[in-house]
Amino acid sequence: VQLQASGGGLVQAGGSLRLSCRAPGVRFSVSHFKWYRQARGKQRELVASIDARGTVKYGDFVKGRFTISTNNAENVVTLQMNSLQPQDTAVYYCHSDRYYYRASFYSMPLWGQGTLVTVSS
């Protein structure tokens, strides 16, 4: 099973981007997902998480600008990012440590390949 992230790109400060993460074969309705990011020279940090009940959490730096959501019908988790700032520049990673795949639950960490978000000032 693989997580496939997409949607990164170059945007001006104040702009928006929408990241998507797909995982063919995973039942999204009973799985948990997170978005992390890692800026150059910095540690990876948690951006947002959503569990199977729809409970969401965000990093303190998000401050209401980002929204994580899942579309169970389309098997995709998205991160809508608004009011982007240069300090949001990073590689964003989709992650799951609790997912349902081929009739079984797995807790083995699963990472997507990362998608680069660059915010210019």
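Given the structure is predicted, the values throughout are model-derived calculations rather than measurements.
- To the nearest 0.5 Å, atoms OG1 (Thr55) and CD1 (Ile50) are separated by 8.0 Å.
- With Gln2 contributing its side chain and Gly112 its backbone, the two residues share no donor-acceptor pair below 3.5 Å.
- Residues that satisfy the side chain to side chain contact (heavy atoms under 4.5 Å, CB included) test with Gln87, not counting sequence neighbours, are Gln85.
- Counting all heavy atoms, side chain and backbone alike, Arg65 lies closest to Leu84 at NH1-CA, 4.0 Å.
- Side-chain contact of Asp97 with Ser107: a donor-acceptor pair under 3.5 Å is absent, judged by distance alone.
- With rounding to the nearest 0.5 angstrom, the CD atom of Gln12 is 9.5 Å from the OG atom of Ser121.
- Here the NE2-CG distance, from His32 to Leu110, works out to 14.0 Å after rounding to the nearest 0.5 Å.
- Both Leu3 and Val1 sit in one connected hydrophobic cluster of ILVMFWY residues. Membership requires side-chain heavy atoms under 4.5 Å apart, directly or through other members.
- No salt bridge links Asp51 with Arg98; every basic N to acidic carboxylate O contact stays at or beyond 4.0 Å.
- Closest approach of Val30 to Tyr100, counting heavy atoms only: CG2-CB, 3.4 Å.
- Taking hydrophobic clusters as Ile, Leu, Val, Met, Phe, Trp and Tyr residues chained together by side-chain heavy-atom distances below 4.5 Å, Leu17 does not share a cluster with Val76.
- To the nearest 0.5 Å, atoms CD (Glu74) and OG (Ser20) are separated by 9.0 Å.
- Within the 4.5 Å cutoff, no side-chain heavy atoms of Leu116 are placed close to those of Tyr92.
- Leu19 is listed as a side-chain neighbour of Met81, based on a closest heavy-atom distance under 4.5 Å.
- When ring centroids are compared, Tyr93 and Tyr36 stay outside the 6.0 Å threshold.
- Judged by the 6.0 Å distance and 45° axis criteria, Arg44 is positioned over the aromatic ring of Trp111.
- Between Ser31 and Ser96, the side chains place no donor N or O within less than 3.5 Å of an acceptor N or O (distance only, hydrogens not considered).
- Using a 3.5 Å distance cut-off with no hydrogens or angles, the side chains of Gln4 and Arg22 do not pair a donor with an acceptor.
- Taking OG1 of Thr78 as the start and CZ of Arg18 as the end, the distance is 4.0 Å to the nearest 0.5 Å.
- Residues Phe61 and Val47 meet the side-chain proximity criterion, which asks for heavy atoms closer than 4.5 Å.
- Between Asn75 and Val26, the closest heavy-atom pair is ND2-O, 3.4 Å.
- The six-membered or imidazole ring of Phe28 lies near that of Phe33, with a centre-to-centre distance under 6.0 Å.
- What you find for Thr115 and Ala5 is that their closest heavy atoms are CG2-CB, 4.4 Å.
- With a 4.5 Å cut-off on side-chain heavy atoms, Gln43 and Gln38 do not count as touching.
- Clustering ILVMFWY residues whenever any of their side-chain heavy atoms sit less than 4.5 angstrom apart, transitively, puts Val56 in the very cluster that holds Phe66.
- In this structure the side chain of Ser16 never reaches within 4.5 angstrom of the side chain of Val11, judged on heavy atoms.
- Between Arg37 and Asp88 there is a side-chain heavy-atom pair separated by less than 4.5 Å.
- With hydrogens and angles ignored, the 3.5 Å screen pairs no side-chain donor or acceptor of Ser104 with any backbone N or O of Tyr101.
- Heavy-atom minimum distance, Val91 versus Gly114: CG1-CA, 3.8 Å.
- Closest approach of Pro86 to Ala13, counting heavy atoms only: CD-CB, 4.1 Å.
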